[in-house]
Amino acid sequence: MWALAALMAASLASAQQAQHITANFKDADITQIAEAVSAATGKTFIIDPRVRAQVTMLSTTPMSPPAFYEAFLSILQVYGFIAVPAGDLIKILPDANARQIPSIDLPDRVSATSDEIVTQVIDVRNVSAAQLVPILRPMIPQYGHLAAYPASNILIISDRASNVNRMMRIIRRIDQVANQDPEIVPLQNASASEIVRVVNSFYQGAAATEGVAVKVVADERSNSVLIGGDQAQRLRIRALVAHLDTPLEAGGDTRVRYLHYANAEKIAPKLKEQITGIAQAAPGATGGGAQASPLAQAEKNAMVWADPTNNALVITAPPKIMRAVMDIVDKLDIRRPQVLVEAIIAEVDVDKSAELGINWAAFSKGDNIPAGAFVSPVGGTSIVDLAGAIQNPANASTALLQGTTIGIGRVAGTGVNFAAMVRAIRGDTNTNVVATPSAVTMDNQEAELKVAQEVPFVTGQFTNTTAVTGGSVNPFQTIQRQEVGTILKVTPTISAEGTSVMLKISIESSSIGQKPAGAVDLVTNKRTITTTVLIEDGGVVVLGGLIEDNSVKGEQRVPYLGNIPLIGLLFKTRNATSTKNNLILFIRPKILRDPAQAAFETDLKYNYMMDQQKDLNRREALPLLPGVSRGKLEPPPQPGTATPPGNASAPGASPSGVPVTPGVAAPDAGAAPEGAAPAPQSSPPPAPPPQGKP
């Protein structure tokens with residue numbers, strides 16, 4: 001082994017002369033490598049007995065003696081040893097004693113990449129040296145040393161030259177001159193005191209944790225914010241202040257909101273209640289004698305009022321309440337869909353009556369012949385009434401002339417007198433009323449369509465005798481007017497899905513009926529339905545039918561004799577009445593979600609009216625008023641255009657500006673609603689009743 005060391009020393013001596021060394025060691029003792037380095041560089045090493053290690057070093061590139069020495073220092077660092085210069089000697093020691101061993105400063109002769117133990121004193125000028133210690137401590141090994149002297153604001157670092165050089169570069173990058181001048185940020189929209197309160201609340205904990213003094217002060221006179229402290233912190237705060245100083249949509253704490261669809265007078269009281277509830281529920285709101293915060297006081301003083309002229313809301317409130325109120329207004333002030341409600345009222349009344357009877361009488365004037373008779377009114381007239389009318393024609397009633405009456409008899413001063421009457425009467429009354437009322441209304445808004453006459457009814461009669469006029473009688477009557485016709489009241493409510501409509505309906509169909517016998521005034525026939533139904537959009541529903549079928553038969557006869565076949569007809573009268581009343585109502589709602597659907601339905605009705613007018617305005621062969629034209633329904637102007645007074649718009653224009661063909665529904669400027677069928681010619685849109693007779 002000593003022979004191998006001698007050969008290696010000889011080879012290293014020859015390599016020193018050539019200034020190139022190729023070192024290759026495998027499991028060699030570290031002392032042997034120290035001997036080789038000493039032979040190559042001429043340095044004297046003193047090795048501590050605790051320095052023990054088996055080293056492997058492989059190299060294929062020749063190196064100079066100084067490079068060989070630097071490689072030896074790297075081997076010492078890897079195995080936990082240090083080389084400490086002591087004059088001309090170099091002591092090899094464990095690195096655990098590096099802190100107590102004197103070392104040298106980092107002079108120019110020591111390479112910045114060397115693993116030599118050095119001590120460096122660094123003067124920190126712009127930042128606190130004590131604050132750098134916890135930052136740099138993780139980058140110093142355990143055998144190294146890092147300390148700060150706050151009085152002189154310096155750092156003392158003891159470590160290998162390469163790591164000390166790295167620490168110096170890091171400290172130079174941190175130790176920069178910071179701009180400590182305060183920044184003044186003028187505010188345009190927000191309040192300086194409110195901004196400072198928010199920023200201080202946000203950065204209070206962060207500044208204490210980071211140890212960076214950042215101060216934010218408000219200047220109320222100029223409405224500006226003064227920011228002082230670290231430049232990076234100031235930049236963050238300035239960005240935050242700029243973000244908070246954003247203008248509101250209308251600026252300030254007071255806004256005027258114009259409503260498009262909702263009613264400002266109805267919404268304002270509800271919004272005031274909402275604002276009061278928010279202010280009372282706020283955390284800063286206190287009761288009694290406690291002092292409320294400025295924000296809570298501002299929320300308490302929030303107000304809202306309506307301007308009916310412009311249909312606008314004037315709202316004064318802090319930003320938080322302002323946003324909540326505006327969100328509510330956005331949800332309420334929306335375009336609500338409309339509902340077209342079409343109804344069909346079909347009423348068919350059939351009244352039939354028939355009477356047939358015979359009256360006869362036999363009597364004598366002067367002879368004692370018993371008298372006999374069968375007298376029963378037929379159609380309100382008997383043989384006695386007929387005989388009275390013959391004797392006094394002036395007092396005859398018109399009721400005696402109704403029906404068919406055949407009479408025969410003899411009336412003389414002597415002998416037997418007799419008279420007989422055969423009377424037959426038949427009455428048929430048919431009433432067919434078909435009404436198609438329709439109305440367009442907003443969602444949840446009641447609509448009323450009334451097509452009726454005000455008919456007077458006598459409710460009382462009075463007479464008044466006045467002494468001033470000599471006791472004259474002054475009769476008068478009290479009259480009450482009643483509407484007779486078709487009255488439709490409907491309140492639609494569209495479901496949340498928008499596919500069905502709940503209708504609250506009240507329909508009345510009344511007319512003046514035939515005055516029956518014994519009636520003192522006019523008689524009205526009235527049919528009403530009040531109900532609430534749920535109908536699909538565009539569907540047809542039968543609301544109900546009021547059906548009456550009465551059949552009455554009457555007979556008046558002489559007992560026993562009236563039952564004899566054929567002969568019994570001379571001793572009886574018969575009457576029969578049959579009354580049938582049919583009333584069926586159909587209802588169909590259509591949801592008009594946009595202007596295109598509304599224009600489509602308008603064109604449909606408009607074309608129907610033009611067809612009806614065309615049928616009425618046919619030219620007469622011999623006009624009674626030549627040169628005088630009837631009124632004509634002119635097409636309305638196109639949307640967005642104005643028609644001069646007295647000038648009709650272009651013929652064939654529809655309400656939506658599309659040419660109109662009589663009897664054909666003209667679509668709106670947009671496409672017709674999906675599923676909409678073409679309008680039938682000369683017919684209104686309500687759905688037909690179901691098949692079969694009503």
Side-chain angles (χ1 to χ4, degrees), residues 347-433 457-458 511-525 547-582:
E347 181 180 1
V348 178
D349 297 336
V350 178
D351 294 336
K352 295 182 179 182
S353 62
E355 294 188 29
L356 176 62
I358 298 176
N359 285 188
W360 54 269
F363 58 92
S364 173
K365 290 184 178 181
D367 297 335
N368 294 325
I369 299 178
F374 175 73
V375 179
S376 178
V378 180
T381 303
S382 66
I383 192 173
V384 177
D385 298 329
L386 190 59
I390 294 174
Q391 293 180 359
N392 298 310
N395 297 331
S397 174
T398 56
L400 299 176
L401 304 177
Q402 296 179 357
T404 300
T405 304
I406 300 175
I408 187 174
R410 174 183 182 277
V411 179
T414 61
V416 178
N417 298 322
F418 68 94
M421 177 191 72
V422 178
R423 184 173 175 83
I425 184 172
R426 172 70 182 266
D428 294 335
T429 303
N430 295 327
T431 303
N432 184 17
V433 178
F457 291 87
V458 178
S511 61
I512 299 177
Q514 185 177 2
K515 182 177 180 181
V520 296
D521 206 346
L522 299 178
V523 176
T524 58
N525 300 323
I547 302 175
E548 180 182 6
D549 189 354
N550 293 330
S551 180
V552 178
K553 292 184 178 181
E555 184 178 272
Q556 292 180 340
R557 64 181 183 271
V558 177
Y560 303 110
L561 296 178
N563 294 331
I564 301 174
L566 297 179
I567 299 176
L569 296 176
L570 301 176
F571 300 96
K572 64 182 176 181
T573 61
R574 294 178 297 168
N575 59 75
T577 59
S578 177
T579 303
K580 292 184 179 180
N581 298 328
N582 300 331

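How far NZ of Lys572 is from CD of Glu555: 4.5 Å, rounded to the nearest 0.5 Å. The structure places CE of Met421 at 6.0 Å from OG1 of Thr405, a figure rounded to the nearest 0.5 Å. Note that CD1 of Ile425 is 11.5 Å distant from CG of Leu356, once rounded to the nearest 0.5 Å. Considering CZ of Phe374 and CD1 of Ile358, their distance stands at 9.0 Å, rounded to 0.5 Å. Of the inter-residue distances, the one linking Asp549 atom CG with Ser578 atom OG reads 6.0 Å to the nearest 0.5 angstrom.
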### Audit row: Ile564, Phe571, side chain to side chain contact (heavy atoms under 4.5 Å, CB included) steps and yes/no
CA-CA 9 Å; Ile564 301 174; Phe571 300 96; over 6 Å; no

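Side-chain N or O atoms of Arg423 include one that pairs as donor or acceptor with a backbone N or O of Val378 at under 3.5 Å.
In this structure, Lys553 and Ala576 approach most closely via the heavy-atom pair CG-CB, 4.0 Å. Closest approach of Lys352 to Asp428, counting heavy atoms only: CG-OD1, 3.3 Å. Residues Thr573 and Gly357 come closest through the heavy atom pair CG2-CA, 3.5 Å.
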